[in-house]
K.L.:
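The structure that follows is given in the form of structure tokens.
Source: prediction; values computed, not measured. Chain letters run A, B, ... following the sequence lines, proteins first, then strands; residues in each count from 1. In what follows, every heavy atom counts, from backbone to side chain, and hydrogens, waters and symmetry copies are set aside.
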Amino acid sequence: MADFPVIFERSRPGRRGARPPAPRQFDLEGALGADNMRSEAPRLPEVSELDLVRHYTQLAHRQFSIDANFYPLGSCTMKYNPKVNEEAARLFQDLHPYQAPETAQGALQLMYELQNDLGAITGMDAFSLQPAAGAHGELAGVLMIRAYHESRGEGEQRRVVIVPDSAHGTNPATAAMAGYEVREVRTAASGEVDLAAFEAAMGPDVAAVMLTNPNTLGLFERRITQLAAVAHAAGALLYYDGANLNAILGRVRPGDMGFDVVHLNLHKTFTTPHGGGGPGTGPVGVKAKLREFLPVPIVDKRGDEYVLLEDLPQSIGRMRSHFGNFGNLVRAYTYIRALGRDGLRDVSGYAVLNANYLKERFKEIGFTIPFDRTCMHEFVAQPPAGLKTLDVAKALLDHGMHPMTVYFPLVVKEAMMVEPTETESLETLDAYIEALEAVLARAEEDPEYLKGAPYDTPVRRPDEVKAARQPVLRYRFPAVGEDAA
Amino acid sequence: MADFPVIFERSRPGRRGARPPAPRQFDLEGALGADNMRSEAPRLPEVSELDLVRHYTQLAHRQFSIDANFYPLGSCTMKYNPKVNEEAARLFQDLHPYQAPETAQGALQLMYELQNDLGAITGMDAFSLQPAAGAHGELAGVLMIRAYHESRGEGEQRRVVIVPDSAHGTNPATAAMAGYEVREVRTAASGEVDLAAFEAAMGPDVAAVMLTNPNTLGLFERRITQLAAVAHAAGALLYYDGANLNAILGRVRPGDMGFDVVHLNLHKTFTTPHGGGGPGTGPVGVKAKLREFLPVPIVDKRGDEYVLLEDLPQSIGRMRSHFGNFGNLVRAYTYIRALGRDGLRDVSGYAVLNANYLKERFKEIGFTIPFDRTCMHEFVAQPPAGLKTLDVAKALLDHGMHPMTVYFPLVVKEAMMVEPTETESLETLDAYIEALEAVLARAEEDPEYLKGAPYDTPVRRPDEVKAARQPVLRYRFPAVGEDAA
Amino acid sequence: MRYHPHTEEDVRLALETIGVSSMRELFEDLPQELRDPEVDLPPGMDEATLLDHIRELADKNSTRGPDFLGGGVRRHFIPSVTPHLALQSEFVTAYTPYQPEVSQGILQATFEYQTVMCELTGLDVSNASMYDGATATAEAALLAVRQTGRDRVVVSRGVHPETRAVLRTYLSPLGVTLDTVDLDPVTTPKLTLEDDVAGVVVQQPNFLGYIEEMRSLTQSAHDAGALMIAVVDPLSLALLAPPGAYGADVAVGDGQTLGNPASFGGPSFGFMVVRSELLRQFPGRIVGETTDVDGKRAFVLTLQAREQHIRRSRAKSNICTNHQLAALMATVNVGALGPQGLRDLAAGSVERAHALAARLEAAGMAPATGSRFFSEFVLPVPVDPQRVRSELAGRGIHAGVPVPPDYGLGDAVLLSATERVSDADIETLVEALQQIGAAREVAHG
Amino acid sequence: MRYHPHTEEDVRLALETIGVSSMRELFEDLPQELRDPEVDLPPGMDEATLLDHIRELADKNSTRGPDFLGGGVRRHFIPSVTPHLALQSEFVTAYTPYQPEVSQGILQATFEYQTVMCELTGLDVSNASMYDGATATAEAALLAVRQTGRDRVVVSRGVHPETRAVLRTYLSPLGVTLDTVDLDPVTTPKLTLEDDVAGVVVQQPNFLGYIEEMRSLTQSAHDAGALMIAVVDPLSLALLAPPGAYGADVAVGDGQTLGNPASFGGPSFGFMVVRSELLRQFPGRIVGETTDVDGKRAFVLTLQAREQHIRRSRAKSNICTNHQLAALMATVNVGALGPQGLRDLAAGSVERAHALAARLEAAGMAPATGSRFFSEFVLPVPVDPQRVRSELAGRGIHAGVPVPPDYGLGDAVLLSATERVSDADIETLVEALQQIGAAREVAHG
Ligand SMILES: Cc1ncc(COP(=O)(O)O)c(C=O)c1O
Ligand SMILES: Cc1ncc(COP(=O)(O)O)c(C=O)c1O
């Protein structure tokens with residue numbers, strides 16, 4: 001079988017697809033200046049509309065997705081993305097960020113309502129919808145914490161951000177980007193933050209503590225209010241990484257637990273699609289004492305009019321251009337209003353129910369659960385002795401199902417992090433178990449089988465070392481004379 | 001691998017997907033009468049929205065299509081269906097056929113313009129857009145011919161419709177539905193209608209001659225004007241089956257060739273999608289002498305207003321409800337106006353160029369062309385001696401390409417009818433040839449290979465005899481107790 | 001715009017391979033004197049200009065505002081997921097599934113469709129779809145003629161006028177007589193028929209929205225040895241007795257209400273479901289289940305010996321291309337809504353229609369609520385019904401399908417409701433009717 | 001609405017398997033006193049009601065009418081085929097391609113994207129996308145700081161004000177100084193820089209639409225041992241010299257103009273392309289080509305040691321989720337239009353903008369056409385520019401991005417054109433400007 005061609009290999013000089021209006025006669029050189037212009041055309045694909053359609057339709061067939069496959073990636077909340085969200089987003093897609101605000105009142109109202117809805121859901125006093133993703137929300141949050149301490153003359157003194165060793169990589173990376181040192185605290189045998197270690201790590205040099213609750217082991221930090229008290233006593237602020245909010249929607253609120261700042265991942269909890277890697281959306285919410293530091297712009301209501309507040313003197317400033325990933329704000333708002341108060345509470349209920357059901361079934365078929373107690377929306381497992389997580393994951397692909405998150409969190413060897421989400425049926429969870437059983441059985445019979453898996457995928461075990469050692473990061477056009485193929 | 005489930009097998013009692021507004025309290029029995037109501041609920045699928053999405057997304061992956069595969073079905077004109085057509089159709093999809101005409105002037109104008117455009121393209125004087133498909137257009141056309149003869153007192157006398165033995169099955173079937181006997185004329189060695197046989201068949205009892213030109217062998221009937229003269233001299237009318245219009249767009253017009261009635265397949269020549277079997281659209285056009293017999297309604301223009309003419313005294317009446325497959329009228333109109341006069345002429349040019357190029361390449365690799373001369377938009381071939389058309393077709397499937405039309409027309413043994421259309425690139429045609437070469441080579445080495453093909457498809461050589469002998473035409477629910485799977 | 005990919009180089013290469021020197025040469029079989037006609041068409045447009053033009057046309061239509069239009073086409077709620085799934089391009093751009101190995105998508109979906117239609121109608125065998133309800137009804141009448149060898153068909157005036165018109169078109173060339181009868185649940189609950197009647201065609205609910213006595217009418221048909229052909233609204237079957245339950249031999253109808261947009265009347269699809277005994281005379285494509293060489297379940301087109309491409313002039317119908325994609329839309333939509341969702345749509349529409357009728361009466365108008373109706377009913381009006389519809393349209397209300405004269409009801413319009421009608425919509429309509437004088441005068445007269 | 005599939009039976013079975021008696025029991029780890037808070041949200045809605053509500057909001061916005069809005073976001077023609085292909089649900093609902101065997105769709109498309117960006121910018125290595133142009137610029141500045149070990153960044157005032165604001169946000173916590181300089185092709189064609197400057201950030205065309213002297217400015221940067229960071233409009237690169245051609249080290253910008261809808265400013269995507277020498281300091285995901293066990297070409301995420309999930313606090317950036325789908329839209333759109341189509345869009349916009357400027361001058365207004373501009377320019381106005389924009393909006397015209405005060409141009413607006421602007425649109429705008437007094441007074445003053 002030949003390689004699947006890249007679009008440039010389908011290109012033929014002079015072939016055309018869609019055509020824009022033909023530009024009128026005009027002296028471009030005269031207007032732009034010859035030496036400001038490019039001397040040779042970029043080598044972009046020249047294909048017919050049909051060849052383009054075939055190319056990207058066939059590529060879509062070489063891709064797993066929620067819509068075609070069970071996709072229980074831990075920490076990613078790969079739940080169903082309702083189609084009505086897409087319908088809703090289309091209704092706003094032609095809005096220009098600089099059109100007169102009076103011609104965009106519906107959009108501004110939606111943002112205003114969403115700011116309030118997210119506040120109500122998290123128990124925070126104010127929200128900014130600007131950040132483009134979780135990590136971006138983290139940066140906004142930690143920068144607000146920084147501004148807060150500086151406003152109180154403690155900017156110099158507080159140099160450290162505490163993160164658990166089970167934290168997602170973006171947490172320490174964010175702290176560093178905000179100019180902080182990172183101090184890690186270890187995970188106790190309970191799978192929770194080690195309180196003693198935490199107290200030891202705490203001090204007057206600490207600016208903030210970044211926590212995920214439930215944490216990345218899928219366990220709820222039962223001592224959360226104590227941790228908050230310890231942090232606050234030391235003058236540090238508590239940051240909530242909202243990636244796991246799906247577990248506690250409507251059950252307990254970060255604000256009530258004592259968190260001062262939270263970011264949410266609308267592309268997880270609130271069903272905006274992942275798009276193969278993004279765009280996400282990571283709004284940040286704060287307690288009243290941090291309100292004045294929120295990134296601009298914020299939507300406010302003046303009488304019946306919705307207005308954008310651009311310059312708040314104490315604000316950390318802009319995190320990005322315009323008003324955030326507005327298209328996703330429409331999707332998230334549509335989702336929140338579809339479910340309403342009780343519907344959102346059901347989400348956490350069934351997410352946790354599914355996770356615990358699947359955890360039990362994992363145990364039945366021989367997987368180990370390192371921290372085995374009632375989990376929240378996800379759990380971490382380990383494969384039966386002698387099997388590698390990677391091999392099991394690869395073998396699953398032949399069953400048309402996506403593996404769990406592998407080798408994260410780092411605190412568990414051979415970690416398999418499984419998050420089924422509330423939108424999956426028990427039949428699907430059972431089918432996953434059957435697939436895993438089949439894989440384990442095959443591995444029994446034939447130890448070589450796992451090493452070779454997968455067998456039925458478009459490509460098999462690509463050589464990642466080669467990719468990194470001899471990086472080929474763009475298509476190389478054949479030198480003239482050379483053959484394209 | 002287990003069978004792919006049917007939607008009913010994914011169903012669970014009480015499970016729900018999309019929910020309409022909850023109906024208010026109301027005494028249905030009181031209003032409708034208990035004994036007019038159904039006693040038990042229909043057993044319809046009860047699935048979640050996600051399970052529904054997975055089911056039909058995976059089904060889509062079990063289906064070849066123009067958008068993913070080269071699909072050179074002869075007589076079907078499987079050309080690229082532009083996406084802009086779909087965009088256009090969406091803008092009209094909420095129109096109700098009974099809304100006040102003054103609130104649908106744009107839709108009526110579009111129909112009026114399309115009637116005229118089709119007239120200009122075919123050289124006919126008037127069009128009705130009503131018929132739902134080619135065969136439906138044929139019926140409308142033949143019924144008009146019938147009405148015409150009756151209006152001239154020759155209804156009793158003219159009992160016969162002449163069709164060539166190479167004609168598509170719908171032609172004789174249509175003649176029968178219109179109450180006519182069918183008289184077949186044979187194909188001459190040239191691949192065209194045998195003029196002598198035609199003259200012999202012609203007589204005072206003949207109501208009409210149904211011809212496809214180019215005919216189903218992909219050859220242009222060079223004696224068409226003579227055939228028309230013979231028919232008209234005998235008082236018969238000439239019917240044009242427009243399925244092959246793609247070959248002659250802008251080059252020669254049915255009206256100019258002497259045809260009195262034509263139907264078009266908008267789902268072939270004018271890029272409305274086939275939809276896996278329909279809906280098509282088969283407008284009929286006539287010369288002035290038949291105008292009064294057109295099916296109603298027709299769109300006319302009165303001043304600046306577009307009106308629907310419902311009762312024309314001489315009309316054959318209605319062919320279907322409402323105004324035809326309006327959604328497809330929008331698509332066809334969009335396509336015609338996109339290309340314009342010259343663009344439509346290019347269509348036939350490149351369609352014929354591709355067909356002749358592919359025909360030559362078929363010969364190169366050992367296929368036989370029974371009537372080998374310059375073809376039009378398609379050609380008929382035969383596999384190398386000893387090979388069965390069916391086997392070669394099945395083997396092609398493993399190469400991700402759709403076979404040609406097989407075993408039609410009936411006048412050629414082991415017929416392979418190939419229509420590449422103008423929207424395919426030479427690279428695609430060459431890839432088809434390479435695939436065929438590979439198949440032939442494999443067949444050389446291993447005679448058994450062809451019998452077993454295809455090997456990589458979701459199912460392989462389903463048992464059609466069993467399907468017909470023991471018909472299972474609907475899903476059978478397992479008796480209570482029995483297992484669903 | 002241009003959709004062909006050919007570059008000059010491609011053309012050169014192709015001509016060379018073919019062995020001709022120009023594209024014109026490929027058309028030399030065409031009659032010299034007729035070649036290259038003047039075709040009166042405007043020049044082509046680029047896509048942006050084209051869409052501006054199409055939008056201009058679309059803007060000359062109006063579709064929003066309160067909606068009480070029916071007459072067989074209704075704008076019910078269609079979940080967003082339905083078009084999203086049914087209109088995947090793998091389905092949209094596939095041809096008729098002649099190669100089952102690579103057409104299991106369409107074939108299985110059609111098998112599911114056939115099952116849905118059997119469940120809704122309570123009959124045994126469904127085909128893969130017909131063009132629309134009217135042509136499906138005409139094909140059913142022809143089936144009755146073939147099956148019984150008789151040449152008279154009786155149709156109730158309660159059948160949609162356009163459907164009756166199509167019956168006329170299809171039957172007359174074959175010399176089959178079409179008798180139209182007036183039914184009335186009270187005066188004419190049953191029919192006395194001659195023994196030359198092949199089939200009786202009755203619509204439930206009828207065109208005006210009212211409930212017919214299907215049981216006794218079926219009895220009348222069978223007493224005369226005729227087939228009973230029930231024309232039904234598939235959505236109504238979520239509540240109403242299925243044709244199979246009252247002994248109908250054939251159920252036909254239009255599938256628009258199951259989840260296809262109104263689209264100015266087309267395309268939707270026609271369905272036809274029959275008792276197994278009628279299978280041999282059944283027109284149209286059918287999908288059947290079988291097994292493949294590996295014993296896997298597979299779906300194929302089957303019983304094709306009835307069809308035109310095999311049987312030619314002796315085929316049961318000339319139908320070839322049907323309305324598969326519209327049938328797929330309905331199948332997906334039924335799956336999206338489920339039995340409860342369908343029931344809610346039907347029940348909501350019935351409730352809203354009765355709420356409207358009650359409100360009209362309260363406002364001094366006289367809707368014809370004497371007999372049982374489903375989600376549509378007749379409102380007599382003191383002026384030309386066309387004018388009533390236009391006046392309402394002028395006020396942004398879509399309502400008032402005129403009742404044709406042959407019903408002998410004088411000036412009257414049909415009012416229909418779906419689950420989407422709000423109380424505010426009802427008030428808006430009532431007020432408008434009062435303003436245009438529909439109410440007062442009726443109240444007086 | 002509800003999206004979970006659980007029936008009561010499912011819940012019973014699940015609880016039993018888990019060994020608890022109720023769902024509440026699953027939440028016992030939650031602090032008792034904080035459980036089940038009052039959440040102030042309205043009840044849920046069914047889909048039909050929901051869509052009515054959303055449409056109501058959408059109707060409070062207006063988007064049609066002549067469009068002269070720019071400021072970095074423009075509504076160019078996007079062929080229908082682009083969203084159709086890019087928004088296939090297999091792409092839309094996939095996660096980051098961590099399992100290459102089942103993610104070749106996204107991975108290959110991203111590899112194609114990286115190639116497109118390299119071709120447009122004339123630089124060596126592109127990442128898989130960033131959030132937007134502003135954050136990409138900030139990340140580029142941080143890269144310059146890491147690469148040079150210096151702590152001063154110089155930015156031209158010609159860089160989009162929002163981008164400069166984001167630079168401030170990203171740089172200040174790290175103690176990096178940000179100097180803003182005013183450039184003028186005539187007075188300040190080059191810069192004299194201290195040797196503590198890490199990078200120079202210049203936008204081409206600049207925020208006001210004018211052409212900068214990129215060659216000499218790049219020279220100035222390199223003379224001081226600083227990196228040259230070019231902020232570019234990717235569509236303009238169909239005509240303008242690519243950053244690689246004038247020696248820029250980094251090219252960044254916002255991809256909206258390559259085929260993403262305006263969407264009220266987001267999501268679009270940011271791009272970042274660098275010379276290979278900078279690869280080690282390069283932030284963000286990168287896709288690379290390799291071979292699989294069968295020797296087949298395959299694509300994978302590569303060089304991940306730079307990223308947060310491996311390097312954690314020592315990562316080159318904290319970015320994880322990027323803007324893949326928007327980058328895919330651009331990739332498909334570039335494929336749909338091809339080099340000629342892109343060029344036509346750019347050339348058409350330039351021509352229309354110059355036609356507008358000429359017409360304004362003819363009408364007695366004084367657009368700032370002294371220096372060369374691309375498809376946007378400054379028009380001084382006699383009144384508050386916000387008011388001008390509102391007055392135009394009141395007339396159904398979308399135009400007049402206010403020029404911020406820090407440009408020292410007094411009351412002025414930006415006028416931008418795309419290939420879609422018609423002569424009639426231009427007349428409408430000119431007339432409106434005259435009516436609201438923009439013309440006359442300027443003509444006098
Ligand atoms: C626990 C946790 N925190 C933070 C993030 C980062 O979010 P994003 O990828 O949207 O930047 C993720 C996402 O993978 C996460 O799982
Ligand atoms: C030559 C010819 N005539 C008539 C028809 C019938 O057209 P339709 O399938 O639209 O009824 C076809 C379609 O297959 C055809 O190829």
K.L.:
Using non-hydrogen atoms only, which part of B:Arg345 is less than 4.5 Å away from chain C: side chain, backbone, both, or neither?
P.N.:
side chain

K.L.:
May I ask you to name which of B:Arg15, B:Arg222, B:Arg43 has the most heavy-atom pairs under 4.5 Å with chain C?
P.N.:
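Among the listed options, the one with the most contacts to chain C is B:Arg43.
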
K.L.:
Is C:Phe91 close to chain B through its backbone or its side chain, or both, or neither, when contacts mean heavy atoms under 4.5 Å?
P.N.:
both

K.L.:
So which heavy atom on B:Phe64 is nearest to which on C:Ala94, and how close?
P.N.:
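What the structure gives for the nearest pair is O-CB, 3.4 Å.
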
K.L.:
For C:Thr291 and B:Lys466, test the side chains for any donor-to-acceptor distance below 3.5 angstrom and give the result as yes or no.
P.N.:
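The criterion, which ignores hydrogens and geometry beyond distance, is satisfied for B:Lys466 and C:Thr291.
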
K.L.:
Non-hydrogen atoms of chain B under 4.5 Å away: do they reach the side chain of C:Arg168, the backbone, both or neither?
P.N.:
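Nothing of C:Arg168, per the 4.5 Å heavy-atom cut-off to chain B.
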
K.L.:
Below 4.5 Å, heavy-atom pairs only: which of C:Leu26, C:Leu325, C:Asp292 has the largest tally toward chain B?
P.N.:
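The residue among C:Leu26, C:Leu325, C:Asp292 with the greatest pair count is C:Asp292.
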
K.L.:
Against chain B, label C:Arg314 side chain, backbone, both or neither, depending on which of its atoms sit under 4.5 Å from a heavy atom there.
P.N.:
neither

K.L.:
Using modelled atom types only, decide if a donor and an acceptor are shared between the side chain of C:Arg372 and the backbone of B:Ala31 within a distance under 3.5 Å.
P.N.:
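Checked: pair present.
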
K.L.:
Side chain from CB out, backbone as N, CA, C, O: work out which of these in B:Tyr98 comes under 4.5 Å of a heavy atom of chain C, or both, or neither.
P.N.:
both

K.L.:
Is it true that a side-chain atom of B:Asn325 and a backbone atom of B:Asn328 form a donor plus acceptor pair closer than 3.5 Å?
P.N.:
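No, the answer is negative, given that no donor and acceptor are paired below the 3.5 Å cut-off.
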
K.L.:
At a 4.5 Å cut-off on heavy atoms, which part of B:Ile336 comes close to chain C: side chain, backbone, both, or neither?
P.N.:
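Answer is side chain: those atoms of B:Ile336 sit under 4.5 Å from chain C.
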
K.L.:
Determine, for C:Asp67 against C:Arg420, whether the closest basic-nitrogen to carboxylate-oxygen distance falls under 4.0 angstrom.
P.N.:
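No salt bridge links C:Asp67 with C:Arg420.
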
K.L.:
Mind ranking C:Pro5, C:Ala134, C:Gly348, C:Ala262 by heavy-atom pairs under 4.5 Å with chain B and telling me who comes out on top?
P.N.:
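Maximum pair count with chain B is reached by C:Pro5.
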
K.L.:
Please classify the contact of B:Arg337 with chain C as side chain, backbone, both or neither, using a heavy-atom distance under 4.5 Å.
P.N.:
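Looking at B:Arg337, backbone and side chain both touch chain C.
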
K.L.:
Given that the side chain runs from C-beta out, which part of C:Leu50 has a heavy atom under 4.5 Å from chain B: side chain, backbone, both or neither?
P.N.:
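For C:Leu50, side-chain heavy atoms alone lie under 4.5 Å from chain B.
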
K.L.:
Tell me, for B:Leu143 versus chain C, whether the close heavy atoms (under 4.5 Å) come from the side chain, the backbone, both or neither.
P.N.:
side chain

K.L.:
Which residue, C:Glu90, C:Gln104, C:Gln108, forms the side chain to side chain contact (heavy atoms under 4.5 Å, CB included) with B:Leu59?
P.N.:
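Exactly one pass, corresponding to C:Gln108.
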
K.L.:
Output the option from B:Ala175, B:Ala22, B:Ala468 having the highest count of non-hydrogen pairs under 4.5 Å with chain C.
P.N.:
B:Ala468

K.L.:
For B:Val182, is it the side chain, the backbone, both or neither that has a heavy atom under 4.5 Å from a heavy atom of chain C?
P.N.:
side chain

K.L.:
With a 4.5 angstrom heavy-atom cut-off, could you sort out which part of C:Asp29 is near chain B: side chain, backbone, both or neither?
P.N.:
both

K.L.:
Based on non-hydrogen pairs under 4.5 Å, which of B:Glu360, B:Glu422, B:Arg460, B:His55 is most in contact with chain C?
P.N.:
B:Arg460

K.L.:
Name the region of C:Leu279, side chain, backbone, both or neither, that has any atom closer than 4.5 Å to a heavy atom of chain B.
P.N.:
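Looking at C:Leu279, just its side chain touches chain B.
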
K.L.:
Verify, without hydrogens or angle tests, whether B:Asp67 (side chain) and C:Ser89 (backbone) share a donor-acceptor contact under 3.5 angstrom.
P.N.:
no

K.L.:
Is a side-chain donor-acceptor pair under 3.5 Å present for C:Ser129 with C:Gln324?
P.N.:
no

K.L.:
Please state whether the side chain, the backbone, both or neither of C:Thr93 comes within less than 4.5 Å of a heavy atom of chain B.
P.N.:
both

K.L.:
Spell out, as yes or no, whether a donor-acceptor pair under 3.5 Å connects the side chain of B:Asp463 to the backbone of C:Thr290.
P.N.:
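Looks like no, no N/O pair under 3.5 Å.
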
K.L.:
Tell me, side chain or backbone of B:Gln63 under 4.5 Å from chain C's heavy atoms, or both, or neither?
P.N.:
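Both backbone and side chain.
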
K.L.:
What's the shortest heavy-atom distance between B:Pro295 and B:Met319, and which atoms?
P.N.:
CB-CG, 3.8 Å

K.L.:
Kindly assign one of parallel, tilted or perpendicular to the pair C:Phe111 and C:Phe299, based on the angle between their ring planes and the thresholds 30° and 60°.
P.N.:
tilted

K.L.:
State yes or no: are the ring centers of B:Tyr56 and B:His61 separated by less than 6.0 Å?
P.N.:
no

K.L.:
Contact part of C:Met23 toward chain B, heavy-atom cut-off under 4.5 Å: side chain, backbone, both or neither?
P.N.:
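Just its side chain gets close to chain B.
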
K.L.:
Which bit of B:Ile121 is near chain C, if near means a heavy-atom gap under 4.5 Å: side chain, backbone, both or neither?
P.N.:
both

K.L.:
Tell me, side chain or backbone of C:Thr163 under 4.5 Å from chain B's heavy atoms, or both, or neither?
P.N.:
neither

K.L.:
For C:Ala86, is it the side chain, the backbone, both, or neither that has a heavy atom closer than 4.5 Å to a heavy atom of chain B?
P.N.:
neither

K.L.:
Taking every heavy-atom pair that is under 4.5 Å apart, which of C:Gln308, C:His84, C:Glu101, C:Gln340 has the most such pairs with chain B?
P.N.:
C:Glu101

K.L.:
Using heavy-atom distances under 4.5 Å, tell me whether B:Met177 contacts chain C through its side chain, its backbone, both, or neither.
P.N.:
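Answer is both: backbone and side chain atoms of B:Met177 are under 4.5 Å from chain C.
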
K.L.:
Between B:Gly17, B:Ala100, B:Ala68, who has the most heavy-atom pairs with chain C when the cutoff is under 4.5 Å?
P.N.:
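When all of B:Gly17, B:Ala100, B:Ala68 are compared, B:Ala100 has the most.
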
K.L.:
Within the side chain of C:Arg75, is there an N or O that forms a donor-acceptor pair under 3.5 Å with the backbone of B:Asp94?
P.N.:
yes

K.L.:
Check whether any side-chain N or O of B:His322 sits under 3.5 Å from a backbone N or O of C:Phe264 as a donor-acceptor pair, and report yes or no.
P.N.:
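No; judged by distance alone, with no hydrogens or angles, the pair does not exist.
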
K.L.:
What part of C:Leu51 is in contact with chain B, defined as an atom under 4.5 angstrom from a non-hydrogen atom: side chain, backbone, both or neither?
P.N.:
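Contact with chain B is through the side chain of C:Leu51 alone.
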
K.L.:
Can you tell me if B:Glu46 uses its side chain to pair, donor with acceptor, with the backbone of B:Arg16 under 3.5 Å?
P.N.:
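Checked: no pair found.
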
K.L.:
C:Tyr131 ring centre to B:Arg320 NZ or CZ under 6.0 Å, with the angle to the axis within 45°?
P.N.:
no

K.L.:
Using a 4.5 angstrom heavy-atom cutoff, name the option from C:Met214, C:Arg285, C:His76, C:His53 with the most pairs to chain B.
P.N.:
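Answer, by heavy-atom pair count under 4.5 Å with chain B: C:His53.
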
K.L.:
Between C:Val73, C:Val11, C:Val401, C:Leu15, which has the largest tally of heavy atom pairs under 4.5 Å with chain B?
P.N.:
C:Val73

K.L.:
Can you name the nearest heavy-atom pair linking C:Ser62 to C:His398, along with the distance?
P.N.:
O-CE1, 3.2 Å

K.L.:
Would you mind checking which part of B:Leu473 comes under 4.5 Å of any heavy atom in chain C, side chain (CB onward), backbone (N, CA, C, O), both or neither?
P.N.:
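Both parts, heavy atoms under 4.5 Å.
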
K.L.:
Just checking, is any N or O donor in the side chain of C:Gln99 or C:Ser103 under 3.5 Å from an acceptor N or O on the other one?
P.N.:
no

K.L.:
I'd like to know if the side chain of C:His160 reaches the main chain of C:Gly71, judged simply by a donor and an acceptor atom lying under 3.5 Å from each other, with no hydrogens or angles considered.
P.N.:
yes

K.L.:
Between B:His402 and chain C, with a heavy-atom cut-off of 4.5 Å, which part of the residue counts as in contact: side chain, backbone, both or neither?
P.N.:
side chain

K.L.:
Which bit of B:Ser321 comes within less than 4.5 Å of chain C, counting heavy atoms only: side chain, backbone, both or neither?
P.N.:
both

K.L.:
Which one wins on heavy-atom pair count under 4.5 Å against chain B: C:Gly338, C:Gly341, C:Ala238, C:Pro339?
P.N.:
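That would be C:Pro339.
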
K.L.:
For B:Ala60, is it the side chain, the backbone, both, or neither that has a heavy atom closer than 4.5 Å to a heavy atom of chain C?
P.N.:
both

K.L.:
Is there a donor-acceptor pair under 3.5 Å between the side chain of B:Thr457 and the backbone N or O of B:Val459?
P.N.:
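Side chain of B:Thr457 to backbone of B:Val459: a pair is present.
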
K.L.:
Is B:Tyr350 in contact with chain C via its backbone, its side chain, both, or neither, using a 4.5 Å heavy-atom distance?
P.N.:
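Interface part for B:Tyr350: both.
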
K.L.:
Counting only heavy atoms closer than 4.5 Å, note whether C:Gln88 contacts chain B via side chain, backbone, both or neither.
P.N.:
side chain

K.L.:
Which answer fits C:Tyr95, side chain, backbone, both or neither, if we ask what part of it has an atom under 4.5 Å from a heavy atom of chain B?
P.N.:
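When you check distances to chain B, atoms from both the backbone and side chain of C:Tyr95 fall under 4.5 Å.
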
K.L.:
With chain C, which of B:Gly340, B:Ala120, B:Gly280, B:Gly278 has the greatest number of heavy-atom pairs at distances under 4.5 Å?
P.N.:
B:Gly278

K.L.:
Would you confirm whether the ring centroid of C:His4 sits within less than 6.0 angstrom of the ring centroid of B:Tyr80?
P.N.:
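Not close enough - the centres of the two rings lie 6.0 Å or further apart.
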
K.L.:
Please check: side-chain N/O of C:Gln114 versus main-chain N/O of C:Ile286, any donor-acceptor pairing under 3.5 Å?
P.N.:
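Checked: no pair found.
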
K.L.:
Given that the side chain runs from C-beta out, which part of C:Asp124 has a heavy atom under 4.5 Å from chain B: side chain, backbone, both or neither?
P.N.:
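Contact with chain B involves the backbone of C:Asp124 alone.
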
